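Counting starts at 1 for both ligands and their atoms, following the listed order. Side-chain atoms are counted along with the backbone in the values below, which use heavy atoms only and exclude waters and symmetry mates. In this text the structure is predicted, and so the values were computed from the model without any measurement.
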Amino acid sequence: MKRLLLALCLAYSPLIAAQNLLPEVRKFVKVDSPVVALTHVRVIDGTGAAAREDQTVVLSHGKIESVSDAAGVKVPSEAQVLDLHGYTVIPGIVGMHDHMFYPVGPGSFGEMSYSFPRLYLAGGVTTIRTTGSLEPYTDLEIHKAVEEGKIPGPKMHVTGPYLEGAGSWALQLHQLSGPEDATRTVNYWLDECVDNFKAYMFITHDELAAAITAAHKRGAKVTGHLCSIGFREAASLGIDDLEHGLMVDSEFTPGRKLGECKDEEDPVLMGKLDVTSGPVHDMILDLIQHHVAMTSTLPVFEMGTFPGRPTLQGRILDALAPDARTLLLERIVRSNDAAAIRKRYGTDVSPWRAAFKKEEEFEYAFSRAGGLLLAGLDPTGMGGVLAGFGDQRELELLVEAGFTPVEAIHTATYNGAQYLGELDHIGTIAPGKQADLVVINGDPSRNINDVENVETVFKDGIGYDSAKLIDSVKGQVGIR
Ligand SMILES: [Zn+2]
């Protein structure tokens with residue numbers, strides 16, 4: 001059913017796309033020989049297996065042809081050879097909370113149709129799920145333009161407009177009028193070729209139930225950033241994935257009425273929850289039993305939670321437009337204001353610090369118990385979490401949460417591909433798969449921060465110049 005849906009929506013051939021790259025894309029291409037040999041490279045293949053040293057990876061006509069010890073391999077004579085001593089390749093990242101929009105003012109978000117596709121690709125993200133769309137038609141057009149070789153960017157699974165209920169704070173969202181509206185909305189957007197949906201904070205039980213039924217009937221999946229509905233309630237309705245983790249689960253709020261969204265996370269309460277036993281652990285097991293995935297979005301929570309964290313990197317400030325940069329700096333100063341924290345919480349240390357730590361513990365426990373953990377960035381919140389850069393930060397924070405670097409990379413590649421039903425052709429470095437892989441200077445299996453040193457990103461065997469892509473969006477994020 002899913003294949004039927006996709007087949008009607010987009011007849012995609014990577015080879016045709018490769019031949020048809022327009023100059024606007026071609027200028028970022030560094031390697032485009034039909035056959036390429038990456039020699040003497042360290043391979044982290046995305047399966048969770050340990051890094052393998054001194055490998056040769058042969059790419060042929062958009063696909064991975066072979067992965068083998070460099071010593072024994074005969075490199076095809078027609079291959080362009082890249083000697084990658086000191087480099088590592090990982091599979092292209094599959095970003096699972098990767099919006100095309102960015103906060104441009106209080107409660108207002110602008111579509112970054114120019115800068116974000118470039119930044120995702122530059123950051124090593126070769127496939128994204130947009131996970132909630134404010135301009136679904138723009139996202140669909142970006143998708144089409146990338147596939148047709150008109151703009152540089154990642155492969156896209158476009159999510160429909162947010163499925164939101166009455167009472168929302170967000171002006172850019174349609175508020176459903178009931179279950180019939182939910183069914184109608186889902187079917188309309190499936191006809192328009194989205195393949196995922198995201199329920200939002202104020203959706204009702206009946207609306208969510210109707211949306212899930214309609215989506216599943218046609219092979220699409222539903223995730224949620226929920227508030228009016230607790231995680232276990234959503235699992236019982238058949239939801240496929242939950243965004244953000246424990247931080248947004250309302251079911252542990254004392255005195256909460258069913259169906260109510262107070263739209264206020266309680267970091268003090270959250271910091272005290274036990275994730276290894278009791279109700280939270282029961283919830284984890286319940287979700288796993290219902291095959292509900294969980295999307296980690298640690299970068300958006302890190303921003304504004306810790307004084308001095310994250311380090312405000314020059315590359316982020318450079319990418320921001322002057323107004324966006326000012327807005328971000330003001331917000332950081334405000335969120336770190338000790339007097340305000342003392343006044344609000346009666347302590348000198350913000351309770352968000354413990355809540356963030358708890359979120360990390362929760363995600364680790366969910367994965368260890370057998371849950372499918374997905375990785376995203378969520379480029380919203382206070383701003384400063386940017387396409388591509390934020391996906392790399394997510395890997396670093398998964399390691400902080402307790403995963404080994406190789407496990408974190410597995411989460412951000414293999415797991416996403418599995419959820420999207422694409423594991424047969426992306427998500428790992430293996431013969432026969434699409435040649436989507438990221439060339440990194442250094443060894444992220446030892447130091448995960450090396451994932452920031454992306455030099456070349458292969459998508460369907462074509463190598464894009466990361467630095468050039470980043471350079472092309474300087475001062476643009478926040479505007480376009
Ligand atoms: Zn989101």
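- Counting backbone and side-chain atoms alike, His97 contributes an N/O/S atom closer than 2.8 Å to the Zn ion (ligand 1).
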Legend entry - Verdict with supporting geometry, His143 and His157, ring pair (Phe, Tyr, Trp, His ring centres under 6.0 Å): CA-CA 8 Å; His143 174 43; His157 284 266; 7.8 Å; no
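- Ring geometry for Phe403 against Tyr364 counts as perpendicular: the plane angle is over 60°, on a 0 to 90° scale with 30° as the lower cut.
- Counting just the N/O/S atoms of His99, the one with the shortest distance to the Zn ion (ligand 1) is named NE2.
- Taking the six-membered ring where the residue is Trp, the centroids of Tyr102 and Phe109 are separated by 6.0 Å or more.
- Contact annotation: Val300 places no N, O or S atom under 2.8 Å from the Zn ion (ligand 1).
- For the side chain to side chain donor-acceptor pair (under 3.5 Å) with Thr297, the lone residue among Glu243, His244, His97 that qualifies is His244.
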